[in-house]
Number of protein chains: 2
Amino acid sequence: MQPVHYDVCEQRCINPERIDRTRRDMSSHEDLAGLAGIFKMLGDLTRVRILEALSIGELCVCDLAAALALTQSAVSHQLRLLRAARLVKYRKDGKVVYYSLDDDHVTTLFKQGLEHVQQG
Amino acid sequence: MQPVHYDVCEQRCINPERIDRTRRDMSSHEDLAGLAGIFKMLGDLTRVRILEALSIGELCVCDLAAALALTQSAVSHQLRLLRAARLVKYRKDGKVVYYSLDDDHVTTLFKQGLEHVQQG
DNA sequence: TGAACATATGAACATTTATTCATATTTTAT
DNA sequence: ATAAAATATGAATAAATGTTCATATGTTCA
């Protein structure tokens with residue numbers, strides 16, 4: 001079978017029907033951007049460690065820093081991002097702020113991810 | 001209850017038992033690094049789009065580039081990374097190389113991720 | 001009120017990383 | 001063998017991002 005070539009978006013292509021089908025069936029750009037955003041948030045060792053620590057139980061910032069051997073500032077900056085992504089929540093007790101996981105989606109994703117990691 | 005302060009790793013902390021428990025119960029650094037690695041790989045819009053496209057069906061590099069309106073070079077560079085992460089596999093048909101998903105872990109992770117995205 | 005402490009945050013710096021451009025490699029077809 | 005086409009890749013550039021340092025904010029306690 002001879003590949004037929006068309007020009008789409010200044011790219012040569014071989015199978016235009018597949019291209020059309022792909023474009024039609026793909027999720028919205030919005031959803032995919034959101035998806036990439038979540039994974040980007042989880043794609044950092046420090047944040048993964050923070051989330052795993054919090055999955056064991058709530059911790060205040062300084063304990064989190066101590067447990068993971070990180071500076072208070074580094075932890076605080078990352079918690080800010082995790083908060084914005086609604087992955088963690090917090091409660092204040094005086095001047096101490098306790099952080100915990102916002103829902104169990106993270107735990108689920110971690111389990112799925114570990115399956116891939118540990119089988120590879 | 002008065003918080004008792006200890007010094008651990010040059011960090012003040014409030015609840016040393018929690019710190020110990022956290023350290024004890026956390027997954028290995030290796031596993032967590034691997035986990036972060038997977039998520040980092042998925043944490044890029046271009047790669048997410050490529051993987052979603054391939055989840056619909058196998059595609060050659062130039063069709064992938066056309067379908068996503070990307071340069072051949074950009075796609076090829078990303079496929080290299082996805083290949084190294086064992087997220088995609090390929091088969092050669094003459095000078096055309098067809099890529100597809102290596103397993104269905106990606107699809108599972110995408111579904112889980114979209115749940116978080118679409119409810120937030 | 002003032003001192004000490006827990007946390008948050010802005011700016012600077014260093015590192016990582018995605019894309020582009022040019023070119024190499026490999027295969028097909030004449 | 002040569003030309004054309006599909007893919008891969010190295011180097012360079014630009015942008016994003018994580019950490020550190022210094023400092024601000026807010027709370028407790030004397």
Participant: CG of A/Leu70 to CD1 of A/Ile50: how many Å apart, nearest 0.5 Å?
Facilitator: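 Atom-to-atom, A/Leu70:CG and A/Ile50:CD1 are 6.5 Å apart.
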Participant: Taking salt bridge (charged side-chain N to carboxylate O under 4.0 Å, His left out) as the definition, give me every residue that meets it alongside A/Asp25, ordered by chain and number, with sequence neighbours left out.
Facilitator: A/Arg21
Participant: If you check the B/Val61 side chain, which of D/dT7, C/dT9, C/dT7 turns out closest?
Facilitator: D/dT7
Participant: Among D/dA8, C/dT27, C/dA6, find the nucleotide with the atom closest to the side chain of B/Lys95.
Facilitator: C/dT27
Participant: For B/Ser76, check side-chain contact (heavy atoms from CB on, under 4.5 Å) against everything at least two apart and list the hits.
Facilitator: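 Expected list: B/Gln72.
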Participant: In chain order, what residues pass the side-chain contact (heavy atoms from CB on, under 4.5 Å) check against A/Leu114, with sequence neighbours excluded?
Facilitator: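 If we apply the side-chain contact (heavy atoms from CB on, under 4.5 Å) test to A/Leu114, skipping adjacent residues, the hits are A/Gln118, B/Asp31, B/Leu35.
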Participant: Is any side-chain nitrogen or oxygen of B/Arg83 closer than 4.0 Å to OP1 or OP2 of D/dT7?
Facilitator: no
Participant: List, with names and distances, any nitrogen or oxygen atoms from the protein found under 3.5 Å away from nitrogen or oxygen atoms belonging to nucleotides 18-22 of chain C.
Facilitator:
residue, atom, partner, partner atom, Å
C/dA18, OP1, B/Arg47, NH1, 3.2
C/dA18, OP1, B/Arg47, NH2, 2.8
C/dA18, OP2, B/Arg47, NH1, 3.3
C/dT19, OP1, B/Thr46, OG1, 2.6
C/dT19, OP2, B/Gln78, NE2, 2.7
C/dT20, OP2, B/Thr71, OG1, 3.3
C/dT20, O4, B/His77, NE2, 3.2
C/dC21, N4, B/Ser73, OG, 2.7

Participant: Rounded to the nearest Å, what distance is computed from the CG atom of residue B/Asp93 to the P atom of nucleotide C/dT26?
Facilitator: 18 Å
Participant: Do we see a donor-acceptor contact under 3.5 Å between the side chains of B/Tyr99 and B/Arg83?
Facilitator: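 A donor-acceptor contact under 3.5 Å links the two side chains.
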Participant: Output the rounded distance in Å from OH (B/Tyr98) to P (C/dT26).
Facilitator: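 After rounding, the gap between these two atoms is 20 Å.
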Participant: Identify, with sequence neighbours excluded, every residue that meets side-chain contact (heavy atoms from CB on, under 4.5 Å) alongside B/Lys92.
Facilitator: B/Tyr90, B/Val97
Participant: Take atom CG of A/Leu45 and atom P of C/dT16, then tell me their distance rounded to the nearest Å.
Facilitator: 14 Å
Participant: Expressed as a whole number of angstroms, how long is the span from A/Arg49:CZ to D/dG18:C1'?
Facilitator: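 About 14 Å, once rounded to whole Å.
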Participant: Determine which nucleotide pairs with C/dA4, using a 3.5 Å limit on both distances of a Watson-Crick or G-U wobble pair.
Facilitator: D/dT27
Participant: Considering residues at least two apart in sequence or located in another chain, which fulfil the side-chain contact (heavy atoms from CB on, under 4.5 Å) criterion with B/Ser100?
Facilitator: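 Listed in chain order: B/Glu58, B/Lys89.
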Participant: Find the distance A/Leu59:CG to C/dT7:C1' and express it as a whole number of Å.
Facilitator: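 Nearest whole value for this atom pair: 15 Å.
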Participant: Rounded to the nearest angstrom, tell me the gap between atom NZ in A/Lys92 and atom C1' in C/dT7.
Facilitator: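 Taking NZ of A/Lys92 and C1' of C/dT7, I get 8 Å after rounding.
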Participant: So, is A/Tyr99 close to the C/dA8 phosphate, meaning a side-chain N or O under 4.0 Å from OP1 or OP2?
Facilitator: yes
Participant: Within this structure, what is the CG-to-C1' distance between A/Leu79 and C/dT7, rounded to whole angstrom?
Facilitator: 10 Å
Participant: Grab the CG-P distance between A/Leu42 and D/dG18 for me, whole Å please.
Facilitator: 12 Å
